[in-house]
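Given the structure is predicted, the values throughout are model-derived calculations rather than measurements. Every number for a ligand or one of its atoms is a count from 1 in the order of the listing.
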Amino acid sequence: MSRPAFYVTTPIYYVNAAPHLGHAYTTIAADVMARHHRQRGQDVFFLTGTDEHGEPVKLAAEKEGITPGELAERNYVRFRDLAPRLGASNDFFIRTSDAEHQAKVQEVLTRVKDNGFAYEGTYEGWYCPRCADFKTEREIAEGNTCPIHKIALTREHEHNWFFRLSAFQDALDRLFTERPDFVRPRARYNEALSFIRGGLQDVSLSRRGLGWGVPVPWDPEQVFYVWWDALLNYYTALSYAAPGEDLTGRFWPATYHLVGKDILKFHTIYWPALLMAADLPVPEHVFVHGFLLSGGEKMSKSLGNVLDPFEVIERYGSDALRYYLLRDVSFGQDGSVSPAAFEERYERELANDYGNLASRTLAMIVRYRDGEVAPVRHDAALEADFDGLAERVSELLDRAEVTQALEEIWQRVRRLNRYVEECAPWQLAKDPERAGDLDVVLATLAEGLRVLTVLLHPWLPATSAKLLAALGAPDDALEAARLGARRVARVAAIEPLFPKQAA
Ligand code: MSP
């Protein structure tokens, strides 16, 4: 049994560029999990936001000849507005420039120092200004370049404050050994563990001369290294997201941090170590997803191969984008995205498998029975296929298996389509003697469609609400996702849920 509170986060996005599909991907996945857990009646908190400090933002602002603050002010809005356009139901949007966040960062990191985990020292080594990452020897590509951004690393020599990461070598090893599900999927767990076992070196806690960040209270010439400031958002947000109420006791530790594979080290190693250093409980799980690729390369603004989520939403709606991304790119692995693959899934699965099933079912009930569904029990033939489905979906989503859970549901969408073909209600309708059989088939279709539509709510929230309303059964709680749990009595015809698009 999972605990009643469920807290899920996305990474906070750098405001140095416009939002792209990679950002949308994590936000959508987190939203699916948040919505599913709300369906289970759990107390849910879902957080997203923007990372406004550090070199990535400072450098982008310099290029445009404005201050980092001005750039952040202009760009954060685009991320804030992306969430609702994706249909995301985040409970709060944090900005690391929020005064409450900054005060809390100072408080926690001062405790880290008071606990003996900070010291002054000199850093000498390689650094990627786009990752804002001090690279260890194992993380450097040919010719001292960044393997992620493919740019030359800079050689840093800096006197600043250090975090005693090495002191957490054993504690982290223990955390991973005791909690094999701390990091998912397994391959990412192994990657993090081998990083730990390779030996941990201390890392910068602060940066000198950057002038853009949260000031170090005991050394005002310095600002905290952006990753500490950023990671702490997951914790600080709870203290001020709800006016007049501190949600920390209710939601900390987080249930799931969802992150891309490029930021694994920060979330699976630095973050739990920092929390331990500050006497705070560590999150339950970090789920590491792969990259959306375009022509074999990571999609990113700096690589110039971006698919625009806003354009897709404009034309097809946010549900179609949500469905496509989580269906086509198995959550946890890399996968290619393209307009052609999108259109194929849209036509074949959303418009045909599901959209047609819904239109046909409703249209037949309207045509043959004037919209009334007879009060008869559903066909036992479908029971084996639907039994335990809601539980299976929950189990998969407990492991953040967002793509597999969708696949389980989709198999039943296909099963219901086969049921229509097997029963051929249009034949039954011609034979007055078989009116009772027709009643059962129509009631079964309506009920099957209702159950699947409740289960699909996290992926297709707008469509699900529309269709449940047409079925006259708006309850989308997970306990309603069983054959016979609610009754569809009367339906209304609807416009196609996923209209075919002119080429
Ligand atoms: N600001 C940091 C995160 C701090 S969290 C405490 C950051 N920001 S980012 O905007 O560069 O990236 C945010 C997320 O987007 C990361 O999880 C990254 O993996 C993800 N993606 C960026 N491009 C991506 C793809 N092409 N595909 C999938 N996700 C990718 O890192």
Problem set entry | Ring centroid separation Y270 to F163 under 6.0 Å | no
Exercise. Which bit of F266 is near ligand 1, meaning a heavy atom under 4.0 Å away: side chain, backbone, both or neither?
Worked result: neither
Exercise. Does ligand 1 have an atom that lies less than 4.0 angstrom from a heavy atom of L231?
Worked result: yes
For this session: Please confirm whether P11 comes within less than 3.5 Å of ligand 1 when only nitrogen or oxygen atoms on both sides are compared.
Result: no
Problem set entry | Contact with ligand 1 for G290, non-hydrogen, under 4.0 angstrom | yes
Problem set entry | salt bridge (charged side-chain N to carboxylate O under 4.0 Å, His left out) partners for E191, two or more places apart | R188
For this session: For this output row, return yes or no: ring centroids of F134 and Y225 closer than 6.0 angstrom.
Result: yes
Exercise. Where does the angle between the aromatic ring planes of Y14 and W227 fall among parallel (under 30°), tilted (30 to 60°) and perpendicular (over 60°)?
Worked result: perpendicular
Exercise. Who pairs with A187 by side-chain contact (heavy atoms from CB on, under 4.5 Å), at least two apart in sequence or on another chain?
Worked result: none
Seminar exercise, completed: Heavy-atom proximity to atom 27 (N) of ligand 1 ranks first, among T50, L292, L325, for L292
Problem set entry | Check: F182 ring centroid to Y189 ring centroid under 6.0 Å | no
Exercise. Looking at ligand 1, does any of its N/O atoms fall within less than 3.5 Å of an N/O of D51?
Worked result: yes
Exercise. Which atoms from ligand 1 have a heavy atom of Y234 less than 4.0 Å away?
Worked result: 5 (S), 6 (C)
For this session: Would you check whether H267 has a nitrogen or oxygen atom less than 3.5 angstrom from a nitrogen or oxygen atom of ligand 1?
Result: no
Exercise. Relative to the heavy atoms of H289, which atoms of ligand 1 are at a distance of less than 4.0 Å?
Worked result: 28 (C), 29 (N)
Problem set entry | Salt-bridge criterion met for K135 and E156 (N-O under 4.0 Å) | no
Exercise. Using a heavy-atom cut-off of under 4.0 Å, does the side chain or the backbone of D262 touch ligand 1, or both, or neither?
Worked result: side chain
For this session: May I ask you to decide whether R348 forms a salt bridge with D353, counting only side-chain N to carboxylate O separations under 4.0 Å?
Result: no
Exercise. In a check of ring-ring contact (aromatic ring centres under 6.0 Å, His included) between F45 and each of Y256, F251, W252, which one passes?
Worked result: F251
Exercise. What residue among H53, Q222, E158 forms side-chain hydrogen bond (donor to acceptor under 3.5 Å, both in side chains) with R207?
Worked result: E158
Exercise. Are any of the heavy atoms in W271 under 4.0 Å away from ligand 1?
Worked result: no
Exercise. Quick one: which ligand 1 atoms are inside 4.0 Å of a heavy atom on A230?
Worked result: 6 (C)
Exercise. Looking at ligand 1, does any of its N/O atoms fall within less than 3.5 Å of an N/O of N233?
Worked result: no
Exercise. Is I263 close to ligand 1, meaning an N/O of one under 3.5 Å from an N/O of the other?
Worked result: no
Exercise. What atoms of ligand 1 come within less than 4.0 Å of a heavy atom belonging to Y13?
Worked result: 10 (O), 13 (C), 14 (C)
